[in-house]
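Reviewing the structure listed below.
From a predicted model like this one, the values you see are computed outputs, not experimental measurements. Atom set for the values below is all heavy atoms of this structure, side chains included, hydrogens, waters and symmetry mates excluded.
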Amino acid sequence: MSPDACVRTRSENPSPKLTPQVPSLCAMERALPTQQKDAEATGELNGLFDAMMRKPGGRPGQAPPAETPAESIPQQTSSSSSCSVTESWREDRTRSVEDNEMSLPSLATAYTSILRGLGEDPQRQGLLKTPRRAATAMQFFTKGYQEKIIDVMNDAIFDEDHDEMVIVKDIDMFSMCEHHLVPIFGRVHIGYLPDKRVLGLSKLARIVEIYSRRLQVQERLTKQIAVAITEALKPAGVGVVIEATHMCMVMRGVQKMNSKTVTSTMLGVFREDPKTRDEFLTLIRG
């Protein structure tokens with residue numbers, strides 16, 4: 001075959017052009033359930049107060065995949081929303097006096113195991129009654145689980161034509177760090193701007209007592225106090241400031257003897273109006 005024929009043959013039969021393979025929309029949609037499972041496996045969480053709800057996979061507005069029926073997807077019902085911090089003041093009793101009596105022996109046994117694990121002899125004279133004493137003390141430290149805020153507030157909310165700031169400051173607070181089970185102690189300052197309804201002053205201290213006598217972190221404790229007052233009174237605004245010493249920072253870890261942690265929650269006009277907030281902060285420092 002002549003060279004000209006070879007050239008002519010190649011020009012008449014060009015080699016096929018390679019084009020990049022772009023996945024089709026159908027293929028991408030088929031991959032979405034897998035992406036959703038991967039997202040769930042990584043433990044993505046959706047928001048501060050919805051930490052128990054998984055973030056939905058796929059694109060915004062997309063219907064659930066076929067193998068995940070819509071009815072099986074957790075929906076936020078009135079019962080589940082009551083578990084959030086904004087509704088926990090209504091239904092928050094998780095332990096009764098009867099529960100204490102039933103659990104005391106098992107708690108005492110657990111403390112006996114702790115003593116042995118520390119290298120001590122639970123049978124020596126000074127430790128014979130320690131497990132039961134420690135179990136009883138821990139139940140007292142966490143007695144806030146036995147009470148409901150709504151029981152405290154129901155008979156102490158009064159209609160009054162008063163719309164000026166109410167402040168109760170320097171409320172003693174004792175709690176337990178939920179990370180190390182060692183004490184947190186300090187002072188709580190509460191202020192609110194009534195909207196024709198006021199709360200008995202001693203009840204503010206009771207609210208602090210109920211929420212602090214639990215396993216806590218200071219940030220959550222501050223928020224719970226403010227939200228409970230807001231939900232019960234519907235005031236124009238609420239401010240809560242806590243100054244506390246954490247023994248997990250004093251007795252262990254960094255061992256900073258003079259460190260204090262200050263947290264605040266401002267709701268309503270206390271958050272929106274700088275003058276109201278400044279008045280509250282000035283008064284609690286005075």
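Taking the side chain as every heavy atom from C-beta outward, Ile184 and Leu221 never approach each other to under 4.5 Å. Using a 4.5 Å heavy-atom cutoff, the side chains of Thr245 and Met249 are not in contact. By the 4.5 Å heavy-atom criterion applied to side chains, Val97 and Asp99 are not counted as neighbours. Between His180 and Arg252, some side-chain heavy-atom pair lies under the 4.5 Å cut-off. Counting heavy atoms from C-beta outward, Leu281 and Met266 have side chains that approach closer than 4.5 Å. Side-chain contact between Asp163 and Asp195 is absent, with no heavy-atom pair separated by less than 4.5 Å. Between Pro131 and Leu115 the shortest side-chain heavy-atom distance falls below 4.5 Å.
Arg214 places a side-chain N or O within donor-acceptor distance of the main-chain N or O of Ile210, the cut-off being under 3.5 Å. Between the His189 side chain and the Gly191 main chain, no donor and acceptor come within less than 3.5 Å of each other. The main-chain N or O of Thr222 is never found under 3.5 Å from a side-chain atom of Tyr211 such that the two would form a donor-acceptor pair. Under a 3.5 Å cut-off, the side chain of Lys234 and the backbone N or O of Pro194 do not form any donor-acceptor pair. Counting only distance, with no hydrogens or angles, the side chain of Arg95 and the backbone of Thr142 share a donor-acceptor pair below 3.5 Å.
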Requested in this report: Go through Met153 and Leu233 one step at a time and tell me if the side-chain contact (heavy atoms from CB on, under 4.5 Å) criterion holds.
Outcome: CA-CA 9 Å; Met153 291 187 175; Leu233 285 181; over 6 Å; no

Report task. Please test Val250 against Met247 for side-chain contact (heavy atoms from CB on, under 4.5 Å), starting from the C-alpha separation and ending with a verdict. Result -> CA-CA 5 Å; Val250 174; Met247 298 309 290; 4.2 Å; yes

Query raised in the report: Can you list the steps and then say if Glu178 with Arg220 is a side-chain contact (heavy atoms from CB on, under 4.5 Å)?
Result: CA-CA 11 Å; Glu178 69 178 30; Arg220 182 172 66 237; 2.5 Å; yes

Query - side chain to side chain donor-acceptor pair (under 3.5 Å) assessment of Thr265 paired with Arg271 - result: CA-CA 8 Å; Thr265 295; Arg271 175 185 288 270; over 6 Å; no

Query raised in the report: Could you go step by step and tell me if Gln218 and Thr261 meet the side chain to side chain donor-acceptor pair (under 3.5 Å) rule?
Result: CA-CA 8 Å; Gln218 185 173 328; Thr261 301; 4.5 Å; no

Report task. Show the numbers, then the answer: is there a salt bridge (charged side-chain N to carboxylate O under 4.0 Å, His left out) between Arg213 and Glu147? Result -> CA-CA 10 Å; Arg213 292 293 188 174; Glu147 301 175 275; over 6 Å; no

Query raised in the report: Would Phe280 and Lys275 satisfy side-chain contact (heavy atoms from CB on, under 4.5 Å), going step by step from the backbone distance to the final call?
Result: CA-CA 9 Å; Phe280 169 62; Lys275 291 184 178 179; over 6 Å; no

**Report entry** salt bridge (charged side-chain N to carboxylate O under 4.0 Å, His left out) assessment of Glu272 paired with Arg277
**Finding:** CA-CA 8 Å; Glu272 298 161 3; Arg277 182 169 61 250; over 6 Å; no

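With hydrophobic clusters built from ILVMFWY side chains whose heavy atoms lie under 4.5 angstrom apart, Val269 shares a cluster with Met165. Cluster membership check: Val188 does not share its hydrophobic cluster with Leu193, using side-chain heavy-atom separations under 4.5 Å among Ile, Leu, Val, Met, Phe, Trp and Tyr. Hydrophobic clustering, with ILVMFWY side chains joined whenever heavy atoms are under 4.5 angstrom apart, keeps Phe185 apart from Val262. There is a path of hydrophobic side-chain contacts, each under 4.5 Å, that joins Val198 to Ile157. Note on Leu283 and Val241: same hydrophobic cluster, where clusters join Ile, Leu, Val, Met, Phe, Trp and Tyr whose side-chain heavy atoms are under 4.5 Å apart, directly or indirectly.
How far CG of Leu181 is from CZ of Phe141: 11.0 Å, rounded to the nearest 0.5 Å. Here the OG1 atom belonging to Thr109 is positioned 11.0 Å from the CD1 atom belonging to Ile114, to the nearest 0.5 angstrom. In this structure, CD on Gln125 lies 7.0 Å from CG on Leu128, to the nearest 0.5 angstrom. The distance from the OG atom of Ser212 to the CG atom of Asp172 is 10.0 Å, given to the nearest 0.5 Å. The distance from atom CG of Leu215 to atom NE2 of His179, rounded to the nearest 0.5 Å, is 10.0 Å. Expressed to the nearest 0.5 Å, how far CZ of Arg124 lies from OG1 of Thr130 amounts to 8.0 Å.
Heavy atoms of other residues, nucleotides or ligands lying less than 6.0 angstrom from NZ of Lys260 number 12 at most. Annotation for Gln255: atom CD counts as buried by contact number, over 12 foreign heavy atoms lying within 6.0 Å. Annotation: Arg197, atom CZ; neighbour count of heavy atoms from other residues, nucleotides and ligands within 6.0 Å is above 12.
A donor atom on one side chain and an acceptor atom on the other are found under 3.5 Å apart for Ser103 and Gln139. Under 3.5 Å, the side chains of Asn100 and Gln146 contain a donor-acceptor pair of N or O atoms.
Scanning all heavy atoms of the two residues, the minimum distance from Glu101 to Pro105 falls at O-CD, 3.6 Å.
Checking Val168, Leu204, Ile167 one by one against Tyr192, the side-chain contact (heavy atoms from CB on, under 4.5 Å) holds for a single residue, Leu204. Under the side-chain contact (heavy atoms from CB on, under 4.5 Å) rule, Ile225 has a single partner from Thr230, Ile242, Ile149, Ile171, which is Ile242.
We find that Asp161 and Lys196 are joined by a salt bridge, their nearest charged nitrogen and carboxylate oxygen being less than 4.0 Å apart.
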